[in-house]
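Since this is a predicted model, take the numbers as computed values, not measurements. Chain A is the first sequence line, chain B the second, and so forth, proteins listed ahead of strands; every chain is numbered from 1.
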There are 2 protein chains.
Amino acid sequence: MVATVLHSGVVNALGADIVSGRIPVGTALTLEGIQERFDVSRTVAREGMRILEAMHLVTSERRHGIVVQPPESWHVFDRRVIRWRLDSEHRPAQLRSLTELRIGIEPFAAHLAAARATEDEKDALRQAAGEMRVFGEAGRLDRYLAADIAFHRTVLRASHNEMYVALIEPVIEAVSERPLHGHSHAYPVPAAMDLHEAVMLAIADGDGAAAEAAMLGILSDVRSGIGAALHADDVTAG
Amino acid sequence: MVATVLHSGVVNALGADIVSGRIPVGTALTLEGIQERFDVSRTVAREGMRILEAMHLVTSERRHGIVVQPPESWHVFDRRVIRWRLDSEHRPAQLRSLTELRIGIEPFAAHLAAARATEDEKDALRQAAGEMRVFGEAGRLDRYLAADIAFHRTVLRASHNEMYVALIEPVIEAVSERPLHGHSHAYPVPAAMDLHEAVMLAIADGDGAAAEAAMLGILSDVRSGIGAALHADDVTAG
DNA sequence: TCAGGTAAAAGGTAGCACCTTTGATCGCTC
DNA sequence: GAGCGATCAAAGGTGCTACCTTTTACCTGA
């Protein structure tokens with residue numbers, strides 16, 4: 001928490017506290033309280049609050065103080081909000097949300113990639129799929145996972161849609177954590193390698209429908225893993 | 001642009017300028033320049049910059065000033081960034097991105113909704129689907145569109161995934177603009193009403209696969225509308 | 001070519017005036 | 001005496017000014 005700039009220390013600490021629920025919704029902070037807690041000047045406290053306000057974690061009103069907002073209004077795609085939730089006890093809920101998001105967007109991202117991938121991106125996909133095969137068969141799990149991550153990252157980038165691109169980090173987070181999501185069978189399976197190869201070939205071939213279908217195949221076991229949580233009652237964030 | 005708080009005026013003006021490209025990437029602003037342009041104090045200028053910095057529209061470095069960042073680093077899901085892009089000459093590109101996002105997320109949102117919708121949400125879907133039928137057959141286009149919007153909004157909300165919920169406004173924006181996306185045939189068609197009804201019934205019935213399939217049907221003509229733009233070269237944001 | 005000086009610009013501090021909202025107190029009426 | 005409106009003080013964010021500190025790009029000169 002060594003802050004090159006002071007306000008980022010304030011933001012990180014308070015943001016994590018709010019997102020984790022340690023500071024409950026509705027709590028009214030004051031600038032003076034923040035100044036004292038972090039031993040900073042009013043300016044620093046105010047700039048920190050502006051940042052949290054931009055994330056919709058708090059609102060600031062005269063006479064009312066700085067009021068912690070409910071999760072519904074948070075900017076849940078903000079990198080820092082995601083990070084804070086992953087670092088809190090809400091990590092499982094955050095990973096579930098991310099995985100569901102991934103299930104939604106990856107198939108059509110593959111479709112778009114088939115239409116828009118550059119030669120460089122196609123090369124990167126070929127290499128990633130190849131490495132998954134090689135390291136998967138060799139039992140090199142770490143390298144296999146790295147190739148897997150590179151593959152999915154490249155597909156999203158190759159969609160050339162800035163919103164899909166913006167979701168790369170969150171999706172990668174979900175990909176990396178896959179084993180935690182009820183995905184019980186041994187991790188590198190031949191079927192997965194085949195499917196990644198199919199996605200790669202379809203994208204290289206410009207066949208959007210095939211790329212989408214193959215990506216759906218990759219996600220099918222993630223979907224069944226999520227299935228158990230589908231009727232979960234505690235799906236509200238916070 | 002009447003700003004109850006001064007810094008929001010600064011943020012809105014500069015944000016729109018940056019996002020539209022009127023202030024090119026790499027431009028270095030200074031606090032002093034901002035103070036003069038908007039006739040505000042240093043405090044206000046700094047707080048405004050903190051907000052733009054939180055959106056990753058600018059970075060602020062000593063000696064360099066406040067440097068405008070490239071579109072890749074923007075927080076493209078920030079409501080204000082989307083709004084500014086929609087209000088700029090990049091509106092078509094933004095709508096295309098949003099429509100592609102919608103195509104990705106709505107089917108699985110329907111799937112999730114089938115598992116998680118509350119009774120109230122199911123009621124809202126029934127009502128929206130019913131109104132689409134009634135107003136569609138009566139030729140009341142405005143009411144038909146309103147019901148359509150309510151329907152899609154409710155499906156996303158019923159997914160009970162905060163990330164899908166956070167995408168409601170952007171998706172609605174795309175839904176409202178559908179006619180602009182090469183969607184050429186007359187707007188309220190019986191097939192659309194049938195499909196919305198099918199989604200509603202599947203969700204009410206808890207049948208995720210059916211809900212997803214029906215939603216894919218709703219999106220099929222949006223997808224064909226996008227098809228023309230699939231190989232567009234100017235897909236980079238900014 | 002490298003060392004050191006210089007200055008630009010953000011980072012940070014301090015403190016004041018002001019505005020809005022809240023809520024308590026006071027006084028008037030019935 | 002009870003209720004109701006007016007007034008006033010305090011809280012706390014908003015905004016401004018002034019000034020010092022720190023970083024670092026860039027220039028100068030050996």
Sugar-phosphate, base or nothing in reach of B:Ile34, heavy atoms under 4.0 Å: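 The answer is nothing, as B:Ile34 stays clear of every strand by at least 4.0 Å.
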
Sugar-phosphate only, base, or nothing, as touched by A:Thr43 at under 4.0 Å among non-hydrogen atoms: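 The answer is base, as A:Thr43 lies within the cut-off (heavy atoms under 4.0 Å) of a base atom.
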
Nucleotide nearest A:Val5 when distance is taken to its side chain, options C:dA9, D:dG12, C:dG11: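 The answer is C:dG11.
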
A:Thr59 side chain to A:Gln69 side chain, donor-acceptor N/O pair below 3.5 angstrom: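 Their side chains do contain a donor-acceptor pair, which is all the 3.5 Å distance test asks for.
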
Pair A:His160, A:Glu121: side-chain N/O donor-acceptor within cut-off below 3.5 Å: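 Their side chains do contain a donor-acceptor pair, which is all the 3.5 Å distance test asks for.
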
Expressed in angstrom and rounded to an integer, what is the separation of [X] atom [atom1] from [N] atom [atom2]?
X	N	atom1	atom2	value
A:Ile66	D:dT14	CD1	P	7 Å
A:Arg62	C:dT22	CZ	C1'	14 Å
B:Asp39	D:dT17	CG	C1'	14 Å
B:His7	D:dG13	NE2	C1'	11 Å
B:Arg42	D:dT21	CZ	C1'	12 Å
A:Met49	D:dG15	CE	P	16 Å
B:Gln35	C:dA8	CD	P	16 Å
A:Glu61	C:dC19	CD	C1'	14 Å

Polar side-chain contact B:Arg46-C:dG12 base: donor and acceptor under 3.5 Å: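 Present.
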
Quiz item: B:Arg63 side-chain donor-acceptor pair to D:dT23 base, under 3.5 Å: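 Answer is no: no donor-acceptor pair is held.
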
Between [X] and [Y], does any side-chain N to carboxylate O distance fall below 4.0 Å?
X	Y	answer
B:Glu162	A:Arg85	yes
A:Glu131	A:Arg143	no
A:Arg42	A:Glu32	no

Side-chain N,O (A:Ser60) to OP1/OP2 (D:dT14) below 4.0 Å: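 So the side-chain polar atoms of A:Ser60 do come within 4.0 Å of the phosphate oxygens OP1 or OP2 of D:dT14, strictly under.
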
Phosphate-side-chain proximity, B:Arg50 and C:dG11, N/O vs OP1/OP2 below 4.0 Å: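 Yes, because at least one side-chain N or O of B:Arg50 sits under 4.0 Å from OP1 or OP2 of C:dG11.
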
DNA chain C: 5'-proximal contact among A:Val44 and B:Leu29 (nearest heavy atom):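 It is B:Leu29 whose nearest nucleotide is closer to the 5' end.
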
5′-ward residue of the pair A:Ser41/B:Leu31 relative to DNA chain C: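 Residue closer to the 5' terminus by nearest nucleotide: B:Leu31.
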
